[in-house]
Protein chains: 2
Amino acid sequence: MSSASLKTRKRILQATIHLLEASDGRVVRMTDIAKKASITRQALYLHFKTRAELLIQTTYYLDEIYGSEARLMQSRAAKTGAKRLDAYVEAWGNYIPEIYGVAKALIAMSDTDEAAVKAWKKRMQDMHEGCAAAINMLDHERRLSPNFTPEQATDFLWCLLSVQNWEHLTIECGWSQSQYIEKYKTLAQAAFIN
Amino acid sequence: MSSASLKTRKRILQATIHLLEASDGRVVRMTDIAKKASITRQALYLHFKTRAELLIQTTYYLDEIYGSEARLMQSRAAKTGAKRLDAYVEAWGNYIPEIYGVAKALIAMSDTDEAAVKAWKKRMQDMHEGCAAAINMLDHERRLSPNFTPEQATDFLWCLLSVQNWEHLTIECGWSQSQYIEKYKTLAQAAFIN
DNA sequence: TACAATACTTGACACAGTGTCAAGTTGACA
DNA sequence: TGTCAACTTGACACTGTGTCAAGTATTGTA
């Protein structure tokens, strides 16, 4: 674990991020990553066992860079359920573009790679918990819409906030990021608050 | 175009549907389809130029079998915007499980296959128009929520009704089909009706 | 009845991408 | 000077798609 080795590992992770961000949905191959990191394709496998493993480690590295978790945690500070819902929608909504490239690659691998599925599911599980926290706060204040049980509202919110939906609205429908956040807040309020 | 040729083509399409429905997300290979249709892999290419082409033709065949389009059109009969919204959510929501296997395979191919993207986008475009029709009816009745322009509401509804969201809620969260329809109707009413 | 066309089979191969292996190089550190 | 770790080089196995050429079998038709 010399400093040279650390440097190479970081270079690989950064190359992966750059390529995925610029890939626009096209597949990023191990060869591309190696080239970008100025290394041979084979040497990649000295640092990461498989392509899936590399992608998974890239998501962790992204969190490290952006301090994403901390920002999501901040929504806990909100004093009312309604504000917490808003804060969570905003925090998560702004998190998505940061991880979009990697997320898309992982989701695409899900059909063939068991490890990729697991890694992505774990991340989505964390998000599910964040949704639950906001919904439960609403519920305890007796402000949750009677149309949904807390579990249903949590599942629904979690589903609404998926990366795929963000992709649909911003990339395919051309919504701006701020429009996305704004309208999602409105929808969440209309749907879940009594 | 002898009757024997027609029969083989149908056998291939049916084999594809069966395998995709039973595949549970696993990749279905040309070899698998050929085996199921009691034909050689190479012979598949006498009927369909590529795997993407086969999948696309399979979606058309599914519509033929289920008469899906006719059912979606029925929602046009609704007398009020609110009823039309409900009817559309129900018609589309019940359409999804029918096409889910094929849809998933097409979506998975989107990363690598241009033709698959196009085919799937065309289908989604049709759905977008159905959403627009319901939302515009609401708007003309002055019953559309002031939170959204008709365009925004259409985009949003279209996004909410995606196959991926259906997958999230029914398969990952364990919602029943009727629960899915029920809660989606509620959400649509809460979000879009003034 | 013979022939021709059509549908399909057989066996081979090219190609892309992942992952593996063995042997060689290079640089740092002791 | 020697040794260890990180990396390179070149080769190869494997999977899946798509292609090609030659052969067979069935059907319709002159």
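Just so it is clear: chains get the letters A, B, ... in the order the sequence lines come, proteins before strands, and each one is counted from 1.
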How would you list, by chain and number, every residue that makes a salt bridge (Lys or Arg N to Asp or Glu O under 4.0 Å) with [X], sequence neighbours excluded?
X        : result
B:Arg26  : none
B:Asp139 : none
A:Lys185 : A:Glu90

Length of the [atom1]-[atom2] vector between [X] and [N], whole Å:
X       : N      : atom1 : atom2 : result
B:Arg9  : C:dT6  : CZ    : P     : 18 Å
A:Leu44 : C:dG17 : CG    : P     : 15 Å
A:Ile12 : D:dC7  : CD1   : P     : 7 Å
A:Leu19 : C:dG17 : CG    : C1'   : 16 Å

Sugar-phosphate, base or nothing in reach of B:Ile39, heavy atoms under 4.0 Å: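 The answer is sugar-phosphate, as B:Ile39 gets under 4.0 Å only of primed atoms, P, OP1 or OP2.
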
Any A:His47 side-chain N or O less than 4.0 Å from OP1/OP2 of D:dA6: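 So the side chain of A:His47 is outside the cut-off, no N or O lying under 4.0 Å from OP1 or OP2 of D:dA6.
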
B:Gln179: side-chain hydrogen bond (donor to acceptor under 3.5 Å, both in side chains) partners, not counting sequence neighbours: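 In terms of side-chain hydrogen bond (donor to acceptor under 3.5 Å, both in side chains), with neighbours along the sequence ignored, B:Gln179 is linked to no residue.
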
Qualifying residues under side-chain hydrogen bond (donor to acceptor under 3.5 Å, both in side chains), relative to B:Gln189, sequence neighbours excluded: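 In terms of side-chain hydrogen bond (donor to acceptor under 3.5 Å, both in side chains), with neighbours along the sequence ignored, B:Gln189 is linked to B:Asp86.
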
Base-contact (B) and sugar-phosphate-only (S) positions in nucleotides 15-26 of chain D, heavy-atom cut-off under 4.0 Å, - elsewhere: -SBBBB------

Salt-bridge criterion met for A:Asp32 and A:Arg29 (N-O under 4.0 Å):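 A salt bridge is present here (some side-chain N lies under 4.0 Å from a carboxylate O).
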
